[in-house]
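Everything numeric in this text was worked out from a predicted model, so none of it was measured. Sequential numbering from 1 along the given sequence is applied to the chain's residues.
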Amino acid sequence: MQCPGAQYLASAERTPQQREWRPQLYRKCTDTTWLFLFFLFWTGLMFITGYSVAAGATARLLFGYDSFGNVCGQKNSPVEGAPLSGQDMTLKKHVFFMNSCHLEVKDVRLSSTILCVASCPGEQLDTLEEVQLFADNNGSFLCVYSLNSVNYTQNPNADSLCPRLPVPPSKSFPLFNRCVPQTPECYSLFASVLINDVDILHQILSGIMSGRDTILGLCIFALALSLAMMVTFRFITTLLVHIFIALIIVGLLFVCGVLWWLYYDYTHDLSIELDTERENMKCLLGFALVSTVITVVLLGLIFVHRKRIKLTVELFQVINKAISNSPFLLFQPLWTFAILISFWVFWVAVLLSLGTAGAARVIEGGQVEYQPLVGIRYMWWYHLIGLIWTSEFILACQLMTVAGALVTCYFNRNKNDPPDHPILWSLSILFRYHQGTAIKGSFLITVTRIPRTILMYICSILEGKRGPWSRCVCRRCFCCSWCLDKCLRQFNQNAYTTTAINGTDFCTSAQGALQLLSKKSSHLTSVQCFGDFIIFLGKVLVVCFTVFGGLMAFNYNRALQVWVIPLLLVAFFAYFVAQSFLSVFETVLDALFLCFAVDLETNDGSSEKPYFMDQEFLSFVKRINRVNAVRAQGAEHTSRNEEGAELQPVM
């Protein structure tokens, strides 16, 4: 992208040698080296995309394939050396395991022969005659393709070419069309081998697809709750804040209590035999412990800050006044959400193609297996870095757009004549000058995310082999990386806002923001932090009620799915949606206080240097100062009384 050159927005003077705060005066392209690096990185991603399309076979994962290299439900090309490959399976869409009740894993392969069949046997078949009758009536052949159905009972090798008797009744599983046995003893073994030990991706996706209607309903519910929270913050009053906090307390206690009740119910359920149910029980215990800790911490914080509610209401009224100058800021998360979803769909499609990129190799008995191509694992890691970096870049663009629009409105002398289209103006400034700054800031987040992802991968591999000490180390590392991530996000947001104000590069902006904010009054900082805390409680409320709905819905289907995975997905989606919609208030709040700090740094309120802030914001700041002055006097008076009340020696 060609830089349009330096632009003077309100003055023609040149940049001084010593940098100073000069809001909206000077623009130049910032961090162009990072823009070039990001372009090179995406060139690599495009290469991986082309390679995955050319070498991948997503259909093998989604629709399944037999032991001879045929993808079920499709026409197939023959594999050299495999006489039963290359068959037309258009009418045979279901994957059938000939030995589903006695599955074993040998050298990361299933011992059972796998076939593509027209339909799964809905009833138990005890003899070869019944298998033959099922083939004649339903057109679904359960023996190896080379054996004609008329020879099922006559061929002396039928025992090895046909399924092991009795054939249990089975039902096609959602999405993957696998014939899953329905008898408890067979299903227990089938699930423990096929789902738990062989294919983790199938376990996750099968749980999602089996509860897809519930998940979709919960996602819509989370979206509606997020919109309701946004409207609440937009028209907030003291009464609404009290109702909101009451709902938070009830939601936290209710979800925590339900989790512990469900765990108690599972531990006293004598019918728990399947691995999926035991997995649900272990995860419920984890959920219950985490929710208890979160509930105690949040309730303590609410109690400590209960006296700041009135000031918080006034603060949100100031924020809403700033948003009213550019009301379309509230719709900013929608296009960000749409772009993120589009990118994630693209990313998953490439990932699936990479996961199925393998070379066919003929083994004993004319069967076919697929060996991963050389270098695929390195491509997976590169692709993962692309997911994190690009997602963070998209979110950084939203932060810079919102901050830029607010800066444009704040540093406008004529408050009665706000600037036209501040969002479009902010977007144009971002894409013309400051994409490199957003890329650099998002890369810092990516650098902190990658070690955490690697650590999660290592801990998951060592699951079951770790002792108490290693588990403690993993948890502490997770906690430290999470805290670092949160600090960096706040650091980046201040840098983005400073770039929108001053037009400087990332490092210069971050340094200037830190120096400026260190001079800010601690009383204003505490009010700002409590405002951020109220917004965070809004996200917690959305997640609490969405998770509660998920607990009630998924608990009715315990056996046939690991519903912990869908519940985690729903909780993540609920928090993501709430974060997307309420982040506008967070960004405006933080940017507003940074603009205020710049205003105090560059102006003194005199006729020569009047403040940029409007009268409502100025009145709010004066009110905070008066309240804190009264509290300081009260504390001083109390300390004096305590000194005067000391016991004096008796003369």
For side-chain contact (heavy atoms from CB on, under 4.5 Å), just list the numbers for Phe573 and Leu218, CA-CA rounded to whole Å, side-chain angles, deciding distance to a tenth of an Å, and then say yes or no. CA-CA 9 Å; Phe573 180 83; Leu218 290 170; over 6 Å; no
Check against side-chain contact (heavy atoms from CB on, under 4.5 Å), Asn412 and Thr408
CA-CA 7 Å; Asn412 173 44; Thr408 303; over 6 Å; no
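- For the residue pair Thr30 and Gly503, the shortest heavy atom distance occurs at CG2-O, 3.6 Å.
- Thr49 has its side chain within reach of Phe346: a pair of non-hydrogen atoms, C-beta onward, lies under 4.5 Å apart.
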Could you give me the CA-CA distance, side-chain angles and deciding distance for Ile445 and Asp485, then say whether side-chain contact (heavy atoms from CB on, under 4.5 Å) is met? CA-CA 7 Å; Ile445 301 294; Asp485 180 78; 3.7 Å; yes
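- Atoms CZ and CG, on Arg449 and Leu488 in that order, are 11.0 Å from each other to the nearest 0.5 Å.
- The CG atom of Leu430 lies 9.0 Å from the OG1 atom of Thr437; values are rounded to the nearest 0.5 Å.
- The number of heavy atoms from other shown groups lying within 6.0 Å of CZ (Phe36) does not exceed 12.
- Closest of all the heavy-atom pairs between Leu516 and Glu601 is CD1-OE1, 3.6 Å.
- Within the 3.5 Å criterion, the main-chain N or O of Phe233 finds a donor-acceptor partner in the side chain of Asn320.
- Leu340 is listed as a side-chain neighbour of Leu395, based on a closest heavy-atom distance under 4.5 Å.
- Inter-residue side-chain proximity for Leu298 and Leu252 is flagged as met; some heavy-atom pair is nearer than 4.5 Å.
- Here the side chain of Asp31 pairs a donor or acceptor atom with the backbone of Phe506 at under 3.5 angstrom.
- A salt bridge does not link Arg489 to Glu586: none of the charged nitrogens lies less than 4.0 Å from a carboxylate oxygen.
- Here the SG atom belonging to Cys256 is positioned 9.5 Å from the CG atom belonging to Leu299, to the nearest 0.5 angstrom.
- Of the possible polar contacts, one joining the Asn492 side chain to the Gly441 backbone as a donor-acceptor pair under 3.5 Å is found.
- The two residues Leu594 and Asn494 come nearest to each other via the heavy atoms CD2-O, 3.6 Å.
- When side chains are defined from C-beta on, Ser52 does not count as touching His383, because their heavy atoms never get closer than 4.5 Å.
- You'll find the side chain of Trp347 stays beyond 4.5 Å of the side chain of Val350, heavy atoms only.
- Remark: side-chain polar atoms of His434 are not paired, donor with acceptor, to backbone N or O of Ile429 under 3.5 angstrom.
- Side-chain contact between Tyr575 and Val540: absent, with no pair of heavy atoms (C-beta onward) separated by less than 4.5 Å.
- Phe581 places none of its side-chain heavy atoms less than 4.5 Å from the side chain of Met229.
- Between the side chain of Asp599 and the backbone N or O of Phe612, at least one donor-acceptor pair lies under 3.5 Å.
- Without hydrogens or angle criteria, Trp34 side chain to Gln435 main chain gives no donor-acceptor distance under 3.5 Å.
- Under the 3.5 Å distance criterion, with hydrogens and angles disregarded, a donor-acceptor pair is assigned to the side chains of Thr390 and Trp42.
- Shown here for Val584 and Leu329, the closest heavy-atom pair between the two residues is CG2-O, 3.6 Å.
- The nearest pair of heavy atoms linking Asp590 to Gln493 is OD2-NE2, 2.8 Å.
- With Tyr496 contributing its side chain and Phe491 its backbone, the two residues share no donor-acceptor pair below 3.5 Å.
- Scored by the salt bridge (charged side-chain N to carboxylate O under 4.0 Å, His left out) test, Lys486 finds no partners at all (sequence neighbours excluded).
- Here the OG-CZ distance, from Ser391 to Phe393, works out to 11.5 Å after rounding to the nearest 0.5 Å.
- A side-chain hydrogen bond (donor to acceptor under 3.5 Å, both in side chains) with Ser509 is found for one member of Thr499, Thr498, Asn502 and no other, namely Thr499.
- Looking at every heavy atom in both residues, Val542 comes nearest to Ala222 through CG1-O, 3.9 Å.
- One finds the CZ atom of Phe41 at 8.0 Å from the OG1 atom of Thr446 (value rounded to the nearest 0.5 Å).
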**Message:** The test is side-chain contact (heavy atoms from CB on, under 4.5 Å); show your working for Ser226 and Lys539 and say whether it passes.
**Reply:** CA-CA 8 Å; Ser226 299; Lys539 302 172 192 176; over 6 Å; no
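- Checked by atom type and distance alone, the side chain of Ser442 never pairs as donor or acceptor with a backbone atom of Glu392 at under 3.5 Å.
- Proximity of the aromatic rings of Phe545 and Phe221 is defined here by a centroid distance below 6.0 angstrom, and this criterion is not met.
- Two rings, from Phe337 and Phe576, have their centers less than 6.0 Å apart.
- Here the straight-line distance linking atom CD1 of Ile501 with atom SG of Cys595 works out to 4.0 Å at 0.5 Å rounding.
- Gln398 and Thr336 are linked by a side-chain donor-acceptor pair at a separation below 3.5 angstrom, with hydrogens and angles left out of the test.
- Residue Leu247 forms a side-chain contact (heavy atoms from CB on, under 4.5 Å) with just one option from Ile249, Ile243, Ile245, Val250, and that option is Ile243.
- Not one N or O on the side chain of Thr508 forms a donor-acceptor pair closer than 3.5 Å with the backbone of Thr504.
- The shortest distance between side-chain heavy atoms of Leu541 and Leu537 does not fall below 4.5 Å.
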